[in-house]
Amino acid sequence: PDIAFAVNLLARYSAAPTRRHWVGVKTILRYLKGTLDLGLLFPKKNDLTMVGYADAGYLSDPYNTRSQTGFVFLCGGTASSWRSCKQTLVATSSNHSEIIALYEATRECVWLRRMIKHIQKSCGLNIVDTPTIIYEDNAACVTQMQTGYVKNNLTKHIAPKYFYPHDLQKQGEVKNIAS
């Protein structure tokens, strides 16, 4: 997860790389060579509690007005899924970009929860179905997810599908918390 953003940024220029991009690739490879003793360690305990962190960088690419989405999910304290990518549509505010990031993280969370349930069921482990906590650093985004989609002057430009995390909160699958 620590090189996800750098790899994503350099991959954008893979069709026509310059010397600057090659230097970036070599820097990543040197970093990986220097951190061979680091890794993802999964403890031998049955605690498969999953926690997520979502964030967005509003207008992180000023040339095409796209924001950056990033999220990571920890299972048993170890990173199990992460992503850093440009958003596919233009966000009109930082709150809008955070809502999109939370939506993307929630979709990943649903898939991970289903996968964990399948593994637990097939291994005969007892299933404790607790909601997954997803931390978000934008308090306005978290408040909007708790109240649900309300069409007003502040949210009329945001598609209702991005309020999917609100539906999952009502079902008790996720819990959004401002960090």
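Atoms considered below: every heavy atom in the structure, side chains included; atoms not considered: hydrogens, waters and symmetry mates.
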With side chain to side chain contact (heavy atoms under 4.5 Å, CB included) as the criterion, how do Tyr164 and Val110 come out once you've worked through the C-alpha distance, each side chain's angles and the decisive distance to 0.1 Å?
CA-CA 11 Å; Tyr164 176 58; Val110 168; 3.5 Å; yes
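- Summarising the geometry of Gly34 relative to Asp37, their closest heavy-atom pair is O-OD1, 4.2 Å, with the distance given to 0.1 Å.
- Ring geometry, His21 versus Tyr13: the interplanar angle falls under 30°, so the pair is classed parallel (tilted spans 30 to 60°).
- In this structure the side chain of Thr35 reaches within 4.5 angstrom of the side chain of Tyr31, judged on heavy atoms.
- Here CZ of Phe163 is found 11.5 Å from CD of Gln169. Values are rounded to the nearest 0.5 Å.
- Here the rule is side chain to side chain contact (heavy atoms under 4.5 Å, CB included) with Gln144, and of Asn138, Ile99, Leu102 only Ile99 fits it.
- Remark: side-chain polar atoms of Thr78 are not paired, donor with acceptor, to backbone N or O of Cys75 under 3.5 angstrom.
- Between the SG atom of Cys85 and the CZ atom of Arg12 there is a distance of 9.0 Å, given to the nearest 0.5 Å.
- In summary, the aromatic rings of Phe73 and Phe71 are positioned with their centroids under 6.0 Å apart.
- The residues Glu108 and Arg83 are annotated as not salt-bridged, no charged nitrogen and carboxylate oxygen being separated by less than 4.0 angstrom.
- Rounded to the nearest 0.5 Å, atoms CD1 (Ile158) and CD1 (Ile100) are 7.5 Å apart.
- Judged by distance alone, the side chain of Gln87 and the main-chain N or O of Ser97 form a donor-acceptor pair under 3.5 Å.
- With hydrophobic clusters built from ILVMFWY side chains whose heavy atoms lie under 4.5 angstrom apart, Val72 does not share a cluster with Ile3.
- Listed here is the closest heavy atom pair of Pro165 and Met145: CB-SD, 3.8 Å.
- There is no side-chain donor-acceptor pair under 3.5 Å between Tyr53 and Asp137.
- Environment of NZ in Lys86: crowded, with over 12 heavy atoms of neighbouring residues, nucleotides or ligands closer than 6.0 Å.
- Taking OG1 of Thr130 as the reference point, atom NZ of Lys175 lies at 11.0 Å (rounded to 0.5 Å).
- The shortest side-chain heavy-atom distance between Arg113 and Thr132 falls under the 4.5 Å cut-off.
- The main-chain N or O of Arg114 is never found under 3.5 Å from a side-chain atom of His118 such that the two would form a donor-acceptor pair.
- One hydrophobic cluster, built from ILVMFWY side chains closer than 4.5 Å, holds both Trp111 and Tyr162.
- Closest non-hydrogen pair, Ser14 versus Ala11, comes out as OG-O, 3.1 Å.
- No chain of hydrophobic side-chain contacts below 4.5 Å, direct or via other Ile, Leu, Val, Met, Phe, Trp or Tyr residues, connects Phe5 to Leu32.
- Leu10 approaches Val25 most closely through the heavy-atom pair CD1-N, 3.6 Å.
- Contact record, Glu136 with Ala54: OE1-O, 3.3 Å, taken as the closest heavy-atom pair.
- Screening Val142, Thr106, Val51, Leu168 for a side chain to side chain contact (heavy atoms under 4.5 Å, CB included) with Ile134, the sole residue that qualifies is Thr106.
- With values rounded to the nearest 0.5 angstrom, Lys26 atom NZ is found 13.0 Å from Lys33 atom NZ.
- Nearest heavy atoms, Ala4 versus Trp82: CB-CD1, 3.8 Å.
- Residues Glu173 and Pro131 have side chains not in contact (no heavy-atom distance under 4.5 Å, counting atoms from C-beta outward).
- Side chains of Gln68 and Asp55: no donor on one and acceptor on the other come within 3.5 Å.
- Although no hydrogens or angles enter the test, the distance criterion places a donor-acceptor pair under 3.5 Å between the side chain of Ser67 and the main chain of Leu59.
- The number of heavy atoms from other shown groups lying within 6.0 Å of CZ (Arg107) does not exceed 12.
- Separating the CE atom in Met50 from the CG atom in Leu112 is a distance of 5.0 Å, to the nearest 0.5 Å.
- Not one N or O on the side chain of His96 forms a donor-acceptor pair closer than 3.5 Å with the backbone of Ala91.
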